[in-house]
Number of protein chains: 2
Amino acid sequence: MESSESTKNTIKKIFADYLDKHAMRKTPERFAILDKIYSIKGHFDVETIYNMLLEDNYHVSKATIYNNIGLLLDCKLVTRHQFGGNTTQYEKSYNTGIHNHIICTKCGMVREFTDTNIKRAIQNKHLRDFTIESYTLYIYGICDKCKQQEEAIMAEKPGKEKK
Amino acid sequence: MESSESTKNTIKKIFADYLDKHAMRKTPERFAILDKIYSIKGHFDVETIYNMLLEDNYHVSKATIYNNIGLLLDCKLVTRHQFGGNTTQYEKSYNTGIHNHIICTKCGMVREFTDTNIKRAIQNKHLRDFTIESYTLYIYGICDKCKQQEEAIMAEKPGKEKK
DNA sequence: TTTACTGCAAATATTTTGCAATATC
DNA sequence: GATATTGCAAAATATTTGCAGTAAA
């Protein structure tokens, strides 16, 4: 879901406080990037943000986007994903709840789900010499659409695979 | 643990069968790469395998390593990881058991652990329209070593962080 | 003998870095 | 006014691709 007005105000405040705390400047680019990220429903990469801002006739260089996503990761307003494709994906993370991802290894489709049993099992885990901050669970497999396609191909060429 | 002789024979057989099935050739490079991978205890990247083979005076190009790791992923003898660093990491996966990873976000340290509650919770999960093949759970946080360093720095410069 | 595979080098893609110009504080 | 931040271009890094030579079947 796109973020509500009150969420957008809260995250601006969090980012502004973070910048103050580290003696960093509150530039318009920074808030434009943050705002755009929180208007995105699912996952995105740097290229996507870059283009979305361009469409608004707002030019921010990629170097600046990379730079600022780093800050947003640091203050936990964004999380980072590497699902296995070529680009690093990101996702807003304030008030979004812990969720897991399923990834189709054929078509790259990513879907989210939540599960209290899994959540509880992970949170109950005590790790020696380690302070847990977050976690990501990726479940890989094949979505039904790809599975059906595979079966259709197999049916078409029955001799293709030996044994 | 390094792989036993019987494991090494089994994986060679699995790979050979896979190559037969797909009408691919059983080149010495392929088995040298597989063998080297199964001599590695933990995670590795392409560069590492390349150098390890070189140390044995066995030259295999990186293109060939990339190419063949792809095949090994396909026949499930190797799994792929993207922990958040710059390179893709790999790991042998025959007979290694399902295990999870904890990653220190400061120093990049990766450690493994197993947990039956987590395993059970994930395996009991039913996903609509999706066939599960595997999963990865990465727990991020700070290892005690880095935590102590951070605290030491904070104690040294008490005024650095405002508020 | 056929053609899949390898090695090399070039191409592609992503992210990082250096530096001059600019804008925040 | 001091200097952190931006944009740009170049650099660094990782991975893929094209092609000629080599070797498995």
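Chain letters run A, B, ... following the sequence lines, proteins first, then strands; residues in each count from 1.
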Checklist entry - NA contact type, Asn67(B), heavy-atom cut-off 4.0 Å: base, sugar-phosphate, or nothing? => result sugar-phosphate
Item to check | His101(A) side chain near Phe83(A) side chain, heavy-atom distance below 4.5 Å | outcome: yes
Next on the checklist: Using OP1 and OP2 only, check whether a side-chain N or O of Thr64(B) sits under 4.0 Å from dG7(C).
Outcome noted: yes
Next on the checklist: Filter on side-chain hydrogen bond (donor to acceptor under 3.5 Å, both in side chains), then keep only pairs touching residues 105-114 of chain B, sequence neighbours left out; what's left?
Outcome noted: Lys106(B)-Glu150(B)
Checklist entry - Pick from Asn9(A), Thr10(A), Asp17(A): which one makes a side-chain hydrogen bond (donor to acceptor under 3.5 Å, both in side chains) with Lys13(A)? => result Asp17(A)
Item to check | d(CD1, Ile65(B); P, dG7(C)) in whole Å | outcome: 8 Å
Checklist outcome for this item: Picking from dG7(C), dT15(C), dT2(C), the nucleotide nearest the side-chain atoms of Arg25(B) would be dT2(C)
Checklist entry - From dT16(C), dT6(C), dT24(C), pick the nucleotide closest to the side chain of Arg30(B)? => result dT6(C)
Next on the checklist: Please report the distance, rounded to the nearest Å, between CG in Leu53(B) and P in dG7(C).
Outcome noted: 10 Å
Next on the checklist: Between Tyr18(B) (side chain only) and Met24(B) (backbone N and O only), is there a donor and an acceptor less than 3.5 Å apart?
Outcome noted: no
Checklist entry - Are any of Asn86(B)'s side-chain N or O atoms less than 4.0 Å away from OP1 or OP2 of dT15(C)? => result no
Checklist entry - Taking only N and O in the side chain of Thr27(B), is any of them less than 4.0 Å away from OP1 or OP2 of dT6(C)? => result yes
Item to check | Value in whole Å for how far the P atom of dA23(C) lies from CZ of Phe31(A) | outcome: 18 Å
Next on the checklist: What is the distance, to the nearest angstrom, from the NZ atom on Lys62(A) to the C1' atom on dT16(C)?
Outcome noted: 14 Å
Checklist entry - How would you label the contact of Lys26(B) with the nucleic acid (heavy atoms, under 4.0 Å): base, sugar-phosphate, or nothing? => result sugar-phosphate
Checklist entry - For DNA chain D, which nucleotides open and close the run of contacts to chain A, 5' to 3', at under 4.0 angstrom from a non-hydrogen atom? => result dA2(D) to dC8(D)
Next on the checklist: When you compare the side chain of Asp45(B) with that of Thr88(B), does any pair of heavy atoms fall below 4.5 Å?
Outcome noted: no
Next on the checklist: In whole Å, I'd like the distance from the CD1 atom of Ile49(A) to the P atom of dT14(C).
Outcome noted: 15 Å
Checklist entry - What integer distance in Å separates Met24(A):CE from dC25(C):P? => result 13 Å
Checklist entry - Roughly, in whole Å, what's the span from OH in Tyr66(A) to P in dG18(C)? => result 17 Å
Checklist outcome for this item: Assert: residue with more 5' nearest nucleotide on DNA chain D, out of Thr88(B) and Glu29(B), is Thr88(B)
Checklist entry - Would you call Asp144(A) and Arg128(B) a salt bridge, using N to O less than 4.0 angstrom? => result no
Next on the checklist: Please classify the nucleic acid contact of Val60(B) as base, sugar-phosphate, or nothing, using heavy-atom distances under 4.0 Å.
Outcome noted: sugar-phosphate
Item to check | Tyr140(B)-Tyr135(A) aromatic ring centre distance below 6.0 Å | outcome: no
